[in-house]
Each structure stands twice: as C-alpha cells, then as structure tokens.
Protein chains: 4
Amino acid sequence: MIHDCLLTGRSVMKDLTKNKILDVAENHFSKNGYYKTPLDEIVKKSNVSKGGIYFHFPSKENLFLSVMDRLAEKLLSKIQKGNSSIDNPNERLISSLKNLLNILSSQKKLSKLLITQTNNIKSFEKKRSEIFQKFSDVIEKNINESIKINEYPQVNANLLSTIWIGTINEIVFNWIFSNGKPPRDYFEELKFILITLPTTNSREYKNE
Amino acid sequence: MIHDCLLTGRSVMKDLTKNKILDVAENHFSKNGYYKTPLDEIVKKSNVSKGGIYFHFPSKENLFLSVMDRLAEKLLSKIQKGNSSIDNPNERLISSLKNLLNILSSQKKLSKLLITQTNNIKSFEKKRSEIFQKFSDVIEKNINESIKINEYPQVNANLLSTIWIGTINEIVFNWIFSNGKPPRDYFEELKFILITLPTTNSREYKNE
Amino acid sequence: MIHDCLLTGRSVMKDLTKNKILDVAENHFSKNGYYKTPLDEIVKKSNVSKGGIYFHFPSKENLFLSVMDRLAEKLLSKIQKGNSSIDNPNERLISSLKNLLNILSSQKKLSKLLITQTNNIKSFEKKRSEIFQKFSDVIEKNINESIKINEYPQVNANLLSTIWIGTINEIVFNWIFSNGKPPRDYFEELKFILITLPTTNSREYKNE
Amino acid sequence: MIHDCLLTGRSVMKDLTKNKILDVAENHFSKNGYYKTPLDEIVKKSNVSKGGIYFHFPSKENLFLSVMDRLAEKLLSKIQKGNSSIDNPNERLISSLKNLLNILSSQKKLSKLLITQTNNIKSFEKKRSEIFQKFSDVIEKNINESIKINEYPQVNANLLSTIWIGTINEIVFNWIFSNGKPPRDYFEELKFILITLPTTNSREYKNE
DNA sequence: AATGAATGAGACTTCATTCAT
DNA sequence: GATGAATGAAGTCTCATTCAT
C-alpha cells in the first residue's frame, strides 16, 4: 500500500497525481518555456493522460500559473525560514540577500521560469508581478526596520527593494543567458554596494 | 517613374518595403508579443504580401531579431547623443540615467518588447543579452570614469552597471504591468540612491 | 430509515434517482440539444454522479431516447385525456387540434426537443418517427371516424394526418426560431382551413 | 489546360478549389450530418488540405452554412425556372407543388440535409428559417394570386404556405426515416387536398 | 447503488512556410 | 521583387465511457 491511512488515502492519491503533473510541468516549463512545452510532453513524462491533466487543471495556462504559484510559495518560505531566527533587522536584510542568491543559484531552471516567462500573456504578467511583489515586500519590510533603528539612511524603501529585486533579476538573467557567474558569487560585492556603502554613509550622517 | 536612378532606386524601394515591414512588425510584436503576432497580421497591416515578407526576411524569427536590432540601435544612439556634449563623467552618468528613463517612459510598448520577449527562444535570449550588454557598457564606462576622477567609490563598475540595468528594467516592468509610475518619475530618487549616496559616501571616506 | 418497506423502497429510491436524472436531462437536452449537453452538465445539475447515471442508463444515447419516450407519453396522454369525454368524432378532431396546439405552446423547450433533435443519429430518427407516428395515429383515427359519419370528405386520412403533423411542426418551428406566434394562436384559422373548409365542401358534395 | 482564358484563370482556379470543397462537404454533411462529419473526412475526399479549407472558410460552421446557402439557391432557381412559363396562377401553384416534390424526391440526401440539420446551433436554425421562408414566400405569392382571381377561397395565404411547407417537410421526413413513399408519389393526392378541395369549395361559395 | 478520478480517441483550429505564377 | 493560395504538422481542448473503491 502506498498510504497507511485509509481516511486520507483518497486525497493523498489525488494530490499524488496533481503533484506529479505539477512536477513534470515545472520541469518542462522551466527548461523549455511555456510555448515550447506541448501538453503532450507533460502527458508523456507524467504518465497521466491528457484528460487527467484537464481534470486537475482547466487549461494549460492555469497549469502554468499553478506551477508559478507553487514555486513562489516554496521560495518565499525558504527565505522566511532562513530569517526567522535573526533578531537584528540589518542582519536579517543581509541574510535575506544571501538566501535569495543561494536559492536562485541552486535552481537555475526555476530561476529561468520565474524570470522569463511572461510571453505577453496577461495572466502571466500579473502572476509575475504578484510574486515579485511578495519578494519585494519581504525586503522592503526589512529595509524599513533597518531604517527605523538608524542602520540605514532615509531612503524610499519601496524603491530600494525594487532596486534589489531588479538587480537580482538581472544577475540571474546574465547567469542564465550570458554565462555570467551564479548569483551567490555576487553576495559580498552586493552586500557592500547595497548595504555596507549606504549604511556606512548613514553612520557618517549621524556622526556629523 | 518614381525615381530617376535605377541603381539606387531599386534598393531605395527595397528599403521602403523592408522598413514598412519592420515598422508594422515592431508595432505588433511590442503590443502583442512574438507568439501572439501571426505573420498574417503583419501582412494585413503592412500591405506587403506574405511572399514579400519572406523575400526580405528568411523567417519570422529573423524578422523579430531585426526589429530588436533596429530598436536597440535607435535607443542607444539617443542616449549617446544626449551625452556627447557633457564633459564631466559624473554629469554624464546622471545624464545617462535621465535619458534612459525618459526614453523608456516615452515608449511603453517598445520597453515591453525589450523586456519581456525572451520566450525561451535561444536567439531571442542571446539578442536580449547583447542589447542589454550594450546599455550596460555605456553605463559601466561612465562609472569607471567617475571612479577614476574619484567622484565615485571603488566598486565593481560592471556589477554596478548591472544593478542600474536591473533596476531600470524592474521599474519599467512595474510601470507596464503593475500600474507603477513611469520610469522618469523615479529620476530624482534613483539619482540619490545610485549616485549621490555612494558619491557622498566616497567623499566622506576621502575626508577621513 | 426513509422508507419502511425494503422491497419497494429500493425501487422507489431507484426511481427517484432515475427520474431526477431524466428531469435534468430533459431540461438540458431541450435547451441546448444533444451534442451541446455534456453528461457533466447533467451530473452537476442532478447531483447524481457519473457512475450513477451509467448505472441507470447504459449510454448517453439511451438516456436521450428515454427522455424522448417519457416526453411522448406525457404529451400523448394529455391529448387523449382531453378527448376522452367527447363523443362526436368531428368535435374530437377539433379538440385534438386545440389540445395539441395548447400543449406545445405551453412547453416551448420540449417542442424544440421533439422537433429538432435528430442529429443524423439513426436511433434518434427512428424515435422521432415513432413518436410522430403516434400523434399521427390519433389524428388519423379521428379523421377516419369523421369520414365514416360523412362529416369529412373522402380523403386519404393517413396523408391528411401527415399534413396536420407537418403543419403543426412547421408552426412550432416558426414560433421557436423565427419569432412566430405561438401555436395556439393559429387554432381558429387552422380549424377553418383543416376542418371547416373541407367539411363544408363535403356537405356541398352531398347536397348536390 | 483546364481553362482557355488566362485572364480569368486565377479566379476560375480559386472557384475550382472552393467548389470542390463545397461539393464534398455537401455530400458528407447530407449523408452523415454535421457532427458526424469530421473535417478530416472532407480533407481526405476533397484532396484539399486542412489549411486550404480554412483559407476558404473561416470555420466548419461557416462551411456548413455555405453549403446550405448554395443548396437553397439551387433548389429555388429550379422551382422558379419551372414556373416561369406558366401564366395562370393556379396552374403555377400546381406546378410549384409538382416541382418541389420532384426535386426533393430526386435528392434524398440533400432533402435530409435541408430538413434535419439544425442541431441546436443558432446559426443553423436561423439559416433553416431563412431558406424555408424563401420557399414559403414563393408559394404564398402564388396562393395570393390564386385568391385574387377567385380561384382560391379567402384564407390566410401565409398560414397556408406554412401548411404546404410543413406538409412537404413531413412527407420528406417520412420518406427518409420511415420508409415512406417518395414525395412525388403524393402529388395527386396533395393536389386534391391542398388545391382542388378548397378551390372547388370556393366555387361553391361563389355559387351560393 | 453510487462515486469520481482517469482514460484516450478524436475534434477543431492555427500558422510558419512554400511555390507556381 | 512580389503575390497569395495551399500545405500539413502541431497544438489545445472535449467528453463519453470505464473501473477501482
């Protein structure tokens, strides 16, 4: 028997199929992109029939969106878990940067999926915005807390988080498409530019 | 006869047709994306037959790449023209930022084209990298010159230009897809964060 | 327990489910037609599972046929009930016409179902013929009795009943698809053309 | 060469393909119905590629409608041609009946197409109405002229033409689906019931 | 009796590309 | 140089039916 609990067995089974589909879809979408991944490919690799996929997802588009959602949740929870034990906001900011870079570095394909699949499909663009906004929110919150305790100069935290996200995005892009270094290799330098430099500066301000 | 010189006349005619195709293609690709723009749409709007398009461009993919190329050239020359008369490297850096933001703000569709059309097509990704690299190079060069004359702290200019590009990219993205403000509205704040803050800081360093 | 008699209880339950299915099926088939009514629709609206439907009906086709059968029976019994108390054959003929028109007028959807669902499916065509034949038989019988008592001229009663049926069919069609008047509005004029006119004429003949 | 005129050659060629498609479609639709005729069947039998069909017709539905249109035109022109040389309205009425019955008798498949393909598709129902209305109009006009010259009693010509159409429709139906006699076999009896009987009667009226 | 997840054949449609003219 | 009718592979999606539970 696959499961030891008869009561929840059914929903476990259901989730088994659904997750198998999501796994295969995630893999193929991130490797080949939305348009270059025919449903038949997912059918073949998942051993779930076409009808089975459409039983769980109303359309290919919805399947893609579900993949994005699951992925974003996974990444977000990893980042937040990494931060949960850190008290100092500035340390937390540094930790967020490190985690984000590490996680993305370890999942090249998923990074690609997250970053490049917009395809002029409204729902994709909306989803991308949604997800990036969530990452941005985490960072903005940390920046604001750093500002509050005077670790960071008075800047527009929202814009700054946009800078962070855009920067990381671009680094991932270069890594994937221009043989750039993996994101994690930029940690020290990014820390210097994005945190040390302004922070030091803010101390200078205070010293005046 | 429309033209008096048969020799150049022909190529002028050719260029006329070719540019008409490129104009219409640019418009549709940027509005609807690569996959959502059937060649038939370009045929209809350009009044050039399908065979005509295939005479000038070997494939739809090549047409798209040509649109990207032409566009990048246009934007780059605008930026460089704006900088040509400025002597001070730091001023030039500021001017670059301003120009970049202004130009992108005035061409929402083209911004979109430049930013979102990668589509997991190798050649597109390569082209996107190429173009962004050119923008990045301009900025990197200016940063390096600023560093040389001690206007800017000793940072990895290449990484910093990546930050610039990523930031602008993200701002454009938010503008297009999340009803964010147009890029130009961020000029002052970006100038403060990306230039004033590090620059001031570098002066502080020097003052110590 | 819902019922106290296990023996009949079971079949009552069964009939309850079966009739619920038939009700929902009748409604959807008549509204949207055979091909535009997926079984899933009936599942959703009847709260009977797919397996449940297949327990009661071997196929969608059979379900449709059952709907037709039940419907025809309903209509026929209504017509015959209306005629049962009338002695004079000619009066009965008139009453049949009136009833038929009234019943169809009050059930637009069912009329549609009866009239348009042939769909090139052999079994459907056979069923439609069967049903129309039953209606035709009722009318033919009445005509023949009218002829027998010299109320009606000597015509081919079978053909005449076909004329009746075809006429009513066409009137219903126009009502449903061309915003024609409801069948009942034609009663007086139809009575004149189909009964009075020939009847009067037959009297003339006799009077000669 | 297929055609002797180079100038019109192109449009002749175009029509050749289009008509080939229509011919094959007419044949299959009338034999098997709309839903039981996959486009692939038409592709196979017409030797025109799927794309070719979609070049000439925007959808399967539109193709079907075009078949209906062409067919209706063909039949109508045959009927009107048959009537063109007859002066007396009553004779023309009789001729219309005869022609209609004959034409339908000789084209069982097309009759079926015309009569049974409604399928709960709005556009089909509209087209069916349109076509039947045209037939009805021809008959109504003739009836009205017969009434004018006192050959026919004062009845609602519009309703009477509906009776005619419905009758013929029903006879065709019985012929196709219940092994009834072909329409033409009913000519004499229909003439008696639909024309002679009322006409004679109208004379009686006048004689009074 | 009843459930509903899963199947898979088959439907319609799209569209980059070709080629005779 | 240019046309546009024609191709055909490939795509997404539907839905009657099955079967383990």
Side-chain angles (χ1 to χ4, degrees), chain A residues 6 9-11 13-18 21 35-43 47-63, chain B residues 10-11 13-14 16-18 34-43 47-63, chain C residues 10-11 13-14 16-18 34-43 47-63, chain D residues 6 9-11 13-14 16-18 21 35-43 47-61 63:
Chain A
L6 269 175
R10 215 167 266 202
S11 73
M13 284 301 288
K14 199 173 86 181
D15 283 355
L16 265 183
T17 301
K18 195 166 185 175
I21 296 168
Y35 281 112
K36 293 276 184 77
T37 301
L39 223 54
D40 278 319
E41 191 68 26
I42 298 171
V43 167
N47 288 321
V48 175
S49 70
K50 216 173 274 190
I53 293 175
Y54 275 89
F55 180 80
H56 289 287
F57 304 94
S59 66
K60 188 189 175 189
E61 187 171 324
N62 178 284
L63 171 58
Chain B
R10 240 171 236 197
S11 74
M13 282 302 287
K14 196 170 98 179
L16 270 181
T17 301
K18 195 166 183 173
Y34 181 74
Y35 280 111
K36 295 274 185 77
T37 302
L39 225 49
D40 278 313
E41 192 68 26
I42 298 171
V43 166
N47 290 320
V48 176
S49 72
K50 228 174 244 190
I53 293 176
Y54 272 87
F55 177 81
H56 288 287
F57 303 93
S59 67
K60 187 189 175 190
E61 188 172 323
N62 178 283
L63 171 58
Chain C
R10 237 171 240 197
S11 74
M13 281 302 286
K14 197 172 95 178
L16 269 181
T17 302
K18 196 165 183 174
Y34 181 75
Y35 281 111
K36 295 274 186 76
T37 302
L39 225 49
D40 279 313
E41 192 68 26
I42 297 170
V43 166
N47 289 320
V48 175
S49 72
K50 228 174 247 192
I53 292 176
Y54 272 88
F55 177 79
H56 289 286
F57 303 94
S59 68
K60 188 189 176 189
E61 187 172 324
N62 179 285
L63 171 57
Chain D
L6 269 173
R10 213 167 266 200
S11 72
M13 282 303 286
K14 198 173 87 181
L16 265 183
T17 300
K18 195 166 186 176
I21 297 167
Y35 281 111
K36 294 275 184 77
T37 302
L39 223 54
D40 278 319
E41 192 68 26
I42 298 172
V43 167
N47 288 320
V48 175
S49 71
K50 219 173 269 195
I53 292 176
Y54 274 88
F55 179 80
H56 289 287
F57 303 94
S59 67
K60 189 190 174 189
E61 186 172 325
L63 171 58

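Below, chain A is the first sequence line, B the second, and so on; all start at residue 1. Please read these numbers as outputs of a predicted model, since none were measured by experiment.
As rounded to whole Å, 14 Å separates atom C1' of E/dT13 from atom CD1 of D/Ile42. Atom P of nucleotide F/dT17 and atom NE2 of C/His56 are separated by 17 Å, given to the nearest angstrom. The distance between atom CG of D/Leu16 and atom P of F/dG4, rounded to the nearest whole Å, is 19 Å. Across the protein-nucleic acid pair, C/Phe57 atom CZ and F/dA16 atom P stand 15 Å apart, rounded to whole Å.
Partners of A/Ser59 under the side chain to side chain contact (heavy atoms under 4.5 Å, CB included) rule, at least two apart in sequence or in another chain, are A/Glu61, A/Asn62. Every residue was checked against the ring-ring contact (aromatic ring centres under 6.0 Å, His included) condition with B/Tyr54, not counting sequence neighbours, and none meets it. Residues meeting the side chain to side chain contact (heavy atoms under 4.5 Å, CB included) test with C/Val43, sequence neighbours left out: C/Lys50, C/Ile53. Considering only residues two or more places apart in sequence or on other chains, B/Tyr34 meets the ring-ring contact (aromatic ring centres under 6.0 Å, His included) condition with B/Phe29, B/Phe64, B/Phe124.
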Once each nucleotide of nucleotides 7-13 of chain F is scored for protein heavy atoms under 4.0 Å, what B/S/- sequence comes out, 5' to 3'? BB--SBB
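How far NZ of B/Lys60 is from OH of B/Tyr35: 8.0 Å, rounded to the nearest 0.5 Å. To the nearest 0.5 angstrom, A/Leu16 atom CG is 11.0 Å from A/Ile21 atom CD1.
Taking 4.0 angstrom as the limit, C/Thr17 places a side-chain polar atom (N or O) nearer than this to OP1 or OP2 of E/dA2.
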Under the rule of Watson-Crick or G-U wobble with both distances under 3.5 Å, where | means paired to another strand and [ ] a crossing pair, DNA chain E maps to .||||||||||||||||||||
